[in-house]
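From a predicted model like this one, the values you see are computed outputs, not experimental measurements.
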Amino acid sequence: MNTYDIIVIGAGHAGCESAYAASRMGMKTLLLTLNIDNIAHMPCAPAIGGVAKGHLVREIDAFGGIMGYITDLSSLQYKTLNTSKGLAVHSTRTQVDKHFYKRLMRHHLENLPNLFIRQALITDLLIKNEKIHGVRDNFGFVFEAKAVIVATGTFLSGLIHIGNKTMPAGRAGEFPSIELPQFLKELGFEIGRFKTGTGPRLKGSSIDYTKFEIRHGDGRPRYFSYLTKDHDYQEYPCYVTYTNDRTHALILNNLDKSALYSGKIEGTPVRYCPSLEDKVVKFRDKSRHQVILEPESKDTDEIYVSGLGNSMPPSIQEEIIRSPKGLENAVILRPAYAIEYDYVLSHQLKITLESKKIDGIFFAGQINGTTGYEEAAAQGLVAGINAAAKILQKPPLIIDRSEGYIGVMVDDLVTKGTDEPYRIFTSRAEYRLLLREDNVYYRLSEKAFELGLINQQRMDEIEKELIIAKRLKNYLINTRVMDYERKEPVTLDMKIKRGELMVADIEGIQDEYPANIINHVQAEVRYQGYLDRQKKEVERLKDLERIKIYKNFDYNISGLSLEVREKLKKIKPIHLGQASRIPGITPSAISLLMFYLKRGKDSQDICC
């Protein structure tokens, strides 16, 4: 009765995507969570997307994932970021109704035919001959499975800090997982310790919004999901104020009371989302820092405050929070806090996110050292698909760095590791011009279709769009108009490359072609030369990736330094391309490996 194909431990954003993907691939899947009411809960900002994060959400959707669709249906505001920069780094961010988001996610998961949801605290993994067979909860219930995905977020040995108060918790109000991280250590997994935090929540009616700057969205939705055609969208604004001298004085005069600066916290913090203490201490030349008020839901009076996250005692938090303009009488509904937790060092994983140590165990989300809902969901998708593919004896999903930000993130984690909470950025991608939001379905849908994650109808629609885009591009290449400044005819595509013309401004184009095709062709034509250059670089890289590294390859080669050998044995790259990206691996080492691999290719088994 308690036998499944795949078990997913944790129902945050990673767990939800894992369970959704695995069940849609025909796997009998069990999703285990500490609290069924908190499936897909957002413990931090009520928002999805952002710089490069928006790319991840669209890539999840291209593989038939659920995050983008749920986001669209619960959206409160859409905003396109980086519009002053090139198209490659334009990213979508959405404020969402967090309460509706998790209700909607639970509804969709509960209605999947192969998915079963149960509330449980897992304490043991059942392993025999270095292979997973199931899990056991704290009551002694045993659940058997062929594969297990661990997606436990910040719950492993979680500790919340507010001033000098410390309490065991996975999130505020939820108890942590203590036995499972200890069990992982006993299995021989290397465990690290990270720190993150969340801002305070305020009573909306206690805020004087007249003193704030209003931040509207784009005024129209920019949907994340291919499935979203239209919905009842009503935009809600955000509000901006700033810290001041009084705020900074309160921080500096009370650093000894901060959990972060008093030495209570051992975990490494998030560099790119620092606490208010960190911002004030490390950027003393700044007279103010931005504070953003974000609506949590249409149906509550609760407001999330971004920019005032701290780990001060409650009495000092109240003074800090009431120091910015407009918050003089603010009422705290939930205080800010810091949380530290255990994570599994990601070099212990294969590129599929399966453990190198125990067959059939996959890891996804913050347990791999990442931060952010989007990073977690993308890993969950990869782990869910690959766990199912392993059972079905299908080829695994491996997304190349030139194919998607998901590929960039996973390769970064398993090849380079991370010594601080990992966050995706467009700058992490070498080929970001190839990885735009506008072409996500054109670069990833074929892989999704081969795995059975999208149906024939959707694939046909995407192929039809590509034909239409090609027709428009040919029209631009072959149509000449008079250039009166240069006194000669010139093709439309040349005027676009020069920045003299937008495709959408050509007479009749918007009547004949849909907006997504116009935007895609605009990018393809405008950046044609750069795109061709990056494609050639990708091909050169693929030459290295075609040279696979065999299972149990002996790195004790004369000419390789001890340091290089140790790194190669630790990471166990699957091809020379991955080996070349390991920090400290030199070009001469790659050349030597290439020689030995080619010499021994007929007598070795290729590593999977």
A side-chain contact here means heavy atoms from C-beta on lying under 4.5 Å apart; do [X] and [Y] qualify?
X: Arg458; Y: Tyr441; result: yes
X: Ile9; Y: Val148; result: yes
X: Leu125; Y: Leu180; result: yes
X: Asp137; Y: Leu32; result: no
X: Lys53; Y: Ser91; result: no

Does [X] reach the main-chain N or O of [Y] with its side chain, forming a donor-acceptor pair under 3.5 Å?
X: Glu340; Y: Gly267; answer: yes
X: Arg443; Y: Arg436; answer: yes
X: Asp61; Y: Gly68; answer: no
X: Gln348; Y: Leu345; answer: yes
X: Thr29; Y: Met27; answer: yes
X: Ser346; Y: Leu413; answer: yes
X: Thr198; Y: Pro43; answer: yes
X: Ser561; Y: Val564; answer: yes
X: Lys350; Y: Lys572; answer: no
X: Asn129; Y: Lys131; answer: no

**Message:** Can you see whether Tyr422 has Arg428 sitting over its ring - NZ or CZ less than 6.0 Å from the centre and within 45° of the normal?
**Reply:** yes

**Request:** May I ask you to check if Lys28 and Phe116 form a cation-pi contact, with NZ or CZ under 6.0 angstrom from the six-membered ring centre and within 45° of the axis?
**Result:** yes

For [X] and [Y], does a side-chain donor sit closer than 3.5 Å to a side-chain acceptor?
X: Glu461; Y: Tyr226; value: yes
X: Ser157; Y: Asp342; value: yes
X: Asn368; Y: Gln379; value: yes
X: Asn439; Y: His520; value: no

Atom pair [atom1]/[atom2] of [X] and [Y] - distance to nearest 0.5 Å:
X: Asp419; Y: Thr268; atom1: CG; atom2: OG1; result: 7.0 Å
X: Leu568; Y: Leu560; atom1: CG; atom2: CG; result: 7.0 Å
X: Ile66; Y: Leu109; atom1: CD1; atom2: CG; result: 7.0 Å
X: Met25; Y: Ile6; atom1: CE; atom2: CD1; result: 8.0 Å

**Asked** Given Ile70 and Val96, is the side chain to side chain contact (heavy atoms under 4.5 Å, CB included) satisfied, shown in steps?
**Response** CA-CA 9 Å; Ile70 301 296; Val96 297; over 6 Å; no

Do the side chains of [X] and [Y] get close enough for a salt bridge, i.e. N-O under 4.0 angstrom?
X: Glu190; Y: Lys357; value: no
X: Glu563; Y: Lys567; value: yes
X: Glu374; Y: Arg58; value: no
X: Arg193; Y: Glu266; value: no

Looking only at heavy atoms, what is the nearest atom pair of [X] and [Y], with distance?
X: Leu531; Y: Leu433; value: CD2-O, 3.5 Å
X: Gly577; Y: Leu541; value: CA-CD1, 4.5 Å
X: Pro395; Y: Leu451; value: O-CD2, 4.3 Å
X: Leu353; Y: Ala383; value: CD1-N, 4.3 Å
X: Ala21; Y: Leu453; value: O-CD2, 4.4 Å
X: Lys356; Y: Lys570; value: NZ-O, 3.3 Å

Does atom [atom1] ([X]) have a neighbourhood of more than 12 heavy atoms from anything else shown, all under 6.0 Å?
X: Arg271; atom1: CZ; result: no
X: Lys85; atom1: NZ; result: no
X: Glu130; atom1: CD; result: no

**Prompt:** Tyr343 and Tyr341: aromatic ring centres closer than 6.0 Å?
**Reply:** no

**Request:** Determine whether the aromatic ring centres of Tyr69 and Tyr20 lie less than 6.0 Å apart.
**Result:** no

**Message:** Glu375 vs Gln366, test: side chain to side chain contact (heavy atoms under 4.5 Å, CB included). Steps then yes/no.
**Reply:** CA-CA 8 Å; Glu375 289 89 341; Gln366 281 185 275; over 6 Å; no

**Request:** Classify the angle between the aromatic ring planes of Tyr555 and Phe553 as parallel (below 30°), tilted (30 to 60°) or perpendicular (above 60°).
**Result:** perpendicular

**Request:** Any side chain to side chain donor-acceptor pair (under 3.5 Å) involving residues 385-401? Give me the pairs, sequence neighbours left out, ordered by first then second residue.
**Result:** Glu354-Lys390, Asp359-Lys390, Asp400-Ser402, Arg401-Asp411, Arg401-Asp412, Arg401-Glu430

**side-chain hydrogen bond (donor to acceptor under 3.5 Å, both in side chains), paired with Thr415, selected from Gln578, Arg581, His347** = Gln578

**Request:** Only pairs at least two apart or in different chains count here, so list each ring pair (Phe, Tyr, Trp, His ring centres under 6.0 Å) that has a residue in residues 368-401.
**Result:** His13-Tyr373

**Message:** If you apply the rule side chain to side chain contact (heavy atoms under 4.5 Å, CB included), what do you find for Leu397 with Phe63, and how did you get there?
**Reply:** CA-CA 10 Å; Leu397 171 65; Phe63 281 101; 3.7 Å; yes

